[in-house]
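All remarks here apply to the structure that follows.
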Protein chains: 2
Amino acid sequence: MTPRKLEIFQTALSLMKSKGYANTTMRDIASAVNMEAASLYNHIASKEDLLAITCFDLADQFEKGILEVNDIYFDAKEKLRMAIEAHTQILTTNLDASYVFIHEWRHLSADKLNEFKHRRNQYENGFIEILKLGENEGVFNEVDEKFVVITILSTLNATIEWYKPNGAFTPKQVANKLSDFILNGLLNIKN
Amino acid sequence: MTPRKLEIFQTALSLMKSKGYANTTMRDIASAVNMEAASLYNHIASKEDLLAITCFDLADQFEKGILEVNDIYFDAKEKLRMAIEAHTQILTTNLDASYVFIHEWRHLSADKLNEFKHRRNQYENGFIEILKLGENEGVFNEVDEKFVVITILSTLNATIEWYKPNGAFTPKQVANKLSDFILNGLLNIKN
DNA sequence: TTGCAATACTAACAAGCGTTAGTTAGTGTA
DNA sequence: TACACTAACTAACGCTTGTTAGTATTGCAA
């Protein structure tokens, strides 16, 4: 990844974050990096590559995170906190890419779309494993795992809608807020 | 709204749900209702109208819901449950429209986009009102309200990713699951 | 029965799209 | 000096898009 290619990716992701994939043209991206649209093709193969490489690179990171958590022996509560922290770390350190990943993946072409969905399913299964462990331990409430895992991931992904890299919270602090919310809920324990 | 116009809207929303707004062409919609693209313009003014009318109609419903909840005297816990139920009712009884509302609103043109964001902010403020009430009552944990309201709404909106109208749960049951999750969290109280 | 409004059609336009072809200037290497 | 490589350019292609103009058909109201 040459510096110029990196610049193109970062610029493209930033544009796609604010305007969406479909509304971001190659000419938009080109003019944002001061070149002609045709010149982009010296660096990337196609517009879809920008999306696909971004999506699958992040998918790699997410998978690596959940696999590491599930490879280690810990109780479910601790595992869930670790998985949440890993997820949050990736989101907050790749804000634009994460935004595109979460909102624009359905613009992938058919075969890549299938692969993407399959890998997302596997990732969800990693969380379901933790939930089941917690239920066996008696630590988590018995839940509809599919419902809960979608809910948890939506909760985590909401981070990209408000997080500012130089704002009040470190990624670790965000992860703790999210873990507390997911584990304890909104109610004050006294009540 | 004539029957034919209704059919066009429902068909368009269904297509936009599966393919996205940008990838759904007027010719797609037309052929799905067995007419030519040009004929659609006897019923609707533009492609964006399909999106805008859908978004603002749902916005009306959401606003009405939160206003009713906040106009009634109740404790915060009950109010939050009511707001969650109202939100879930609208989502589950307008699945395609809700999907488009949640995922495609950013394709609105500039001025409508501003109005949309403004109204979404007002809706969030309705929830923040409940959160503050709950903190004053000592019932809710002290929280960063902006963080929590975005998190809650993301949690609620995740419903459209899995809910099936003729599936196992009524809207009311879904609302209860969501309320329980948001209020109590995942942890078994015994622990 | 006439006339009008609603609804469909065919044909086409202007704009914008991603991408390719062919070329050129600059840079480092044999 | 000669060559190859990189990265930029101009020009254009083929296609799709939302939309408009103009016209035909239909069914109800007068």
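In what follows, chains are A, B, ... by sequence order, proteins preceding strands, each numbered from 1. Because only heavy atoms are used, hydrogens play no part in the values below, and waters and symmetry mates are left out as well, while side chains stay in.
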Handout entry: Whole-Å gap separating C1' (C:dG18) and CG (A:Asn42)
Key = 15 Å

Fill in the blank from the handout: To the nearest angstrom, the CE-C1' distance between B:Met35 and D:dA24 comes to 16 Å

Practice task
Select one nucleotide: of C:dG18, D:dT19, C:dT19, the one nearest the side-chain heavy atoms of B:Ser46.
Solution key: D:dT19

Practice task
Mind checking A:Thr2 for me? I need base, sugar-phosphate or nothing, with any heavy atom below 4.0 Å counting as a touch.
Solution key: nothing

Exercise for the section: Would you tell me if any nitrogen or oxygen in the side chain of A:Arg4 comes within less than 4.0 Å of OP1 or OP2 on D:dA8? Expected result: yes

Problem - B:Ser39 side chain to B:Asn42 side chain, donor-acceptor N/O pair below 3.5 angstrom - result: no

Problem - Length of the CD1-C1' vector between A:Ile29 and C:dG18, whole Å - result: 11 Å

Exercise for the section: Using distance alone, with no hydrogens and no angle criterion, decide if B:Ser154 and B:Asn157 have a side-chain donor and acceptor under 3.5 Å apart. Expected result: no

Fill in the blank from the handout: When rounded to whole Å, the CG to P distance for the pair A:Asn34 and D:dA8 reads 10 Å

Practice task
Please state how far atom CD1 in A:Ile44 lies from atom P in D:dA7, giving the value in whole angstrom units.
Solution key: 13 Å

Exercise for the section: Determine: side-chain N/O of B:Ser39 to OP1/OP2 of C:dT7, distance under 4.0 Å, yes or no. Expected result: no

Handout entry: Presence of salt bridge, A:Asp71 and A:Lys79, under 4.0 angstrom
Key = no

Handout entry: Check: A:Thr170 main-chain N/O paired with A:Gln173 side-chain donor or acceptor under 3.5 Å
Key = yes

Handout entry: No-H, no-angle donor-acceptor pair, B:Arg27 side chain to D:dG18 base, under 3.5 Å
Key = yes

Exercise for the section: Name the residue closer to the 5' end of DNA chain C, choosing between A:Asn23 and A:Ala38 according to the nucleotide with the nearest heavy atom. Expected result: A:Asn23

Exercise for the section: May I ask you to verify if any side-chain N or O of A:His43 is less than 4.0 angstrom from the OP1 or OP2 atom of D:dA8? Expected result: yes

Handout entry: Spacing between A:Glu48 atom CD and C:dC17 atom C1', to the nearest angstrom
Key = 15 Å

Completion exercise
From CD of B:Glu36 across to P of D:dA24 the rounded distance in Å is 17 Å

Problem - Rounded interatomic separation in angstrom, taking CD1 from A:Ile8 and C1' from D:dA8 - result: 11 Å

Problem - Any donor-acceptor N or O pair under 3.5 Å, side chains A:Ser109, A:Glu48 - result: yes

Completion exercise
Ranking D:dG18, D:dA8, D:dA12 by distance to the side chain of B:Lys47, first place goes to D:dG18

